[in-house]
> 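Could you have a look at this structure, given as structure tokens, before my questions?
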Protein chains: 2
Amino acid sequence: MSDTPIQDRPRGGRLPRSARRAQLFDAALEVFVANGYHAAAMDDIAERAGVSKPVLYQHFPGKLELYLALLDTSCDQVIESVRAALASTEDNKERVRATMDVFFSYVNDSQAAFRLVFESDVMNEPAVRSRVDRVTSETASAVAEVIAEDTGLAPVASELLATSLVGMGQVAARSWLDNGSALTKDEAVALVSGLSWRGIRGFPRTDDPS
Amino acid sequence: MSDTPIQDRPRGGRLPRSARRAQLFDAALEVFVANGYHAAAMDDIAERAGVSKPVLYQHFPGKLELYLALLDTSCDQVIESVRAALASTEDNKERVRATMDVFFSYVNDSQAAFRLVFESDVMNEPAVRSRVDRVTSETASAVAEVIAEDTGLAPVASELLATSLVGMGQVAARSWLDNGSALTKDEAVALVSGLSWRGIRGFPRTDDPS
DNA sequence: CTGCACGCCGATGCGCACGTCCACGGTGGT
DNA sequence: ACCACCGTGGACGTGCGCATCGGCGTGCAG
């Protein structure tokens, strides 16, 4: 009844439980990203992974759960990266740059997963909606905390501004990628974080000369 | 081929062609917005409009075409509004404010239609993807033109910055609405357009006198 | 008054994709 | 070398939703 302590790789047919699971994750991610949730067929995922459907259902109870597992990974990764970026320095200008860099890097590195978070086609499913919204709301809240501290703005205002910046990062990064990365990542980050920093920089005073 | 100049409203069962069509549009919009494309059933739309399915298919060849018709209306409306906002003044600060106001007003006024454009769940369908992307790309290009003129930045850079601002408007407006409009629309627009304007204002010089 | 034509409705076909069963082949133990 | 076992794979049932066909009530002309 103890887990079989297999440590060899019976290549091809037999894989240890966790390796198989990882492979299924990879295949599912590819298919979901390529086709979207609805167009993605469980048959395709199984075929892509080189196994048959029953094994897929031995690892995941259903299509939605599989999707949610992938989604959770991506969401947590983004949130954690933003948290790390905010904590990486005390210089707010650098904070902005690092945070923007998170979005560009994420979009750039995992061309795959970001579509699950930013272009999901299952928003009507509350479980998915909840996860996706959490990304924006959590990251925005983390940013808002810094903003509120440094500007003294009301929480609602800070949240709105933080959401604006986060949204800007998301959209800008995706747009940059879609345009074939005509600019290098660093150039793009410099531009967008410059825009953000100038915008947020002197905010305590709501009206500025000219 | 001339439109039937019917102007009476034979209420209940019989309606003139164009009135019926309008009613179907309304019903379809409600259902698509409430449930998303995939979860929306043609049966629901027909029932919502108080007619049966065959009549629906007498007006539209299929589900997708119906959706596209609604989507086109919304997309054109947004693009046109942004164009109008940019042309409404020569003062760039006011331009930014007016443009941001477009997104907030659109989200606020037609709580219905904006979800089709900003939260569509049919992105895998090229016809839809094309329409939705056109909104961001057209509006961003219009903004980018102004930016490039006034800052002398390269087209790629202007496009990226413009897309950033447009994306900020989209996300901020939706977030504002989701948060139950804790701020008035004008307050929110002031905050976000302030953020944008400060950011874009002195862009030609990459570093600003402190 | 009666026959006709028109347009709407309930009921149906069809295809697709999720989620499960029966027969097979390889593996390890004796 | 034989046998028991477990995981695999192809084939299947089922439910759902898009898209379409025969009956019917209504209004009009003769």
Side-chain angles (χ1 to χ4, degrees), chain A residues 1-24 27-28 30-32 34-70 121-122 124-125 127-128, chain B residues 3-4 6 8-24 27-28 30-32 34-70 121-122 124-125 127-128:
Chain A
M1 310 325 159
S2 60
D3 287 351
T4 47
I6 302 173
Q7 47 186 350
D8 58 349
R9 281 265 303 275
R11 230 193 35 164
R14 309 299 168 85
L15 267 73
R17 214 68 178 172
S18 66
R20 182 72 86 192
R21 189 180 163 90
Q23 170 142 5
L24 291 176
E30 285 183 46
V31 174
F32 277 135
N35 304 339
Y37 179 82
H38 296 287
M42 290 300 258
D43 306 85
D44 297 348
I45 297 174
E47 192 182 5
R48 193 79 179 76
V51 300
S52 74
K53 249 189 304 183
V55 297
L56 191 53
Y57 281 92
Q58 284 164 9
H59 284 266
F60 304 97
K63 188 183 182 181
L64 185 62
E65 286 78 6
L66 174 54
Y67 186 80
L68 287 178
L70 290 168
D121 57 340
V122 220
N124 22 50
E125 187 65 37
V128 173
Chain B
D3 287 350
T4 46
I6 302 173
D8 58 346
R9 280 265 305 274
R11 146 213 97 151
R14 311 298 166 87
L15 266 74
R17 213 69 178 173
S18 67
R20 182 72 85 192
R21 187 180 165 91
Q23 169 140 7
L24 291 176
E30 284 184 48
V31 174
F32 278 135
N35 303 340
Y37 180 81
H38 296 287
M42 290 299 259
D43 305 84
D44 297 349
I45 297 174
E47 193 183 5
R48 193 80 179 77
V51 299
S52 75
K53 250 189 303 183
V55 296
L56 190 54
Y57 282 92
Q58 284 164 10
H59 284 264
F60 303 97
K63 188 182 183 182
L64 185 61
E65 286 79 5
L66 175 54
Y67 186 81
L68 287 177
L70 291 168
D121 57 341
V122 220
N124 21 48
E125 187 64 37
V128 173

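Below, read A as the first sequence line, B as the second, and so on, with proteins coming before strands; counting in each chain starts at 1.
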> Specify whether B:Tyr67 and B:Tyr37 have parallel, tilted or perpendicular ring planes, treating 30° as the upper limit for parallel and 60° as the lower limit for perpendicular.
perpendicular
> At a heavy-atom distance below 4.0 Å, what parts of residues 35-48 of chain A sit against DNA chain D?
none
> Which is more 5' along DNA chain D, the nucleotide nearest A:Lys53 or the one nearest B:Lys63? Just name the residue.
A:Lys53
> What is the separation between atom CZ on B:Arg20 and atom C1' on C:dC9, rounded to the nearest whole Å?
12 Å
> Would you say A:Val128 and A:Leu68 make side-chain contact, with heavy atoms under 4.5 Å?
yes
> Figure out the OH/P separation between A:Tyr57 and D:dG9, and round it to whole Å.
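Between P of D:dG9 and OH of A:Tyr57: 16 Å.
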> What is the minimum heavy-atom distance between A:His38 and A:Lys63, and which atoms define it?
O-NZ, 3.7 Å
> Can you see which heavy atom on A:Ala28 is nearest to which on A:Leu66, and at what distance?
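Where A:Ala28 meets A:Leu66 most closely, the heavy atoms are CB-CD2, 3.8 Å.
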> Can you tell me the distance, in whole Å, between the NE2 atom of A:His59 and the C1' atom of C:dG19?
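Answer to the nearest Å: 16 Å.
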> To the nearest Å, give me how far apart CD (B:Gln58) and C1' (C:dC9) are.
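Rounded to the whole Å, the gap is 11 Å.
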> If you look at every heavy atom in A:Ala49 and A:Ala27, which pair is closest and at what distance?
CB-CB, 3.6 Å
> Apply side-chain contact (heavy atoms from CB on, under 4.5 Å) to the pair A:Arg20 and A:Val55, showing each step before the final yes or no.
CA-CA 9 Å; A:Arg20 182 72 86 192; A:Val55 297; 5.6 Å; no
> Quickly work out the A:Leu56 CG to C:dT20 C1' distance and round it to whole Å.
13 Å
> What is the distance from CD of A:Glu65 to C1' of C:dG19, rounded to the nearest Å?
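The distance from CD of A:Glu65 to C1' of C:dG19 comes to 12 Å, rounded to the nearest Å.
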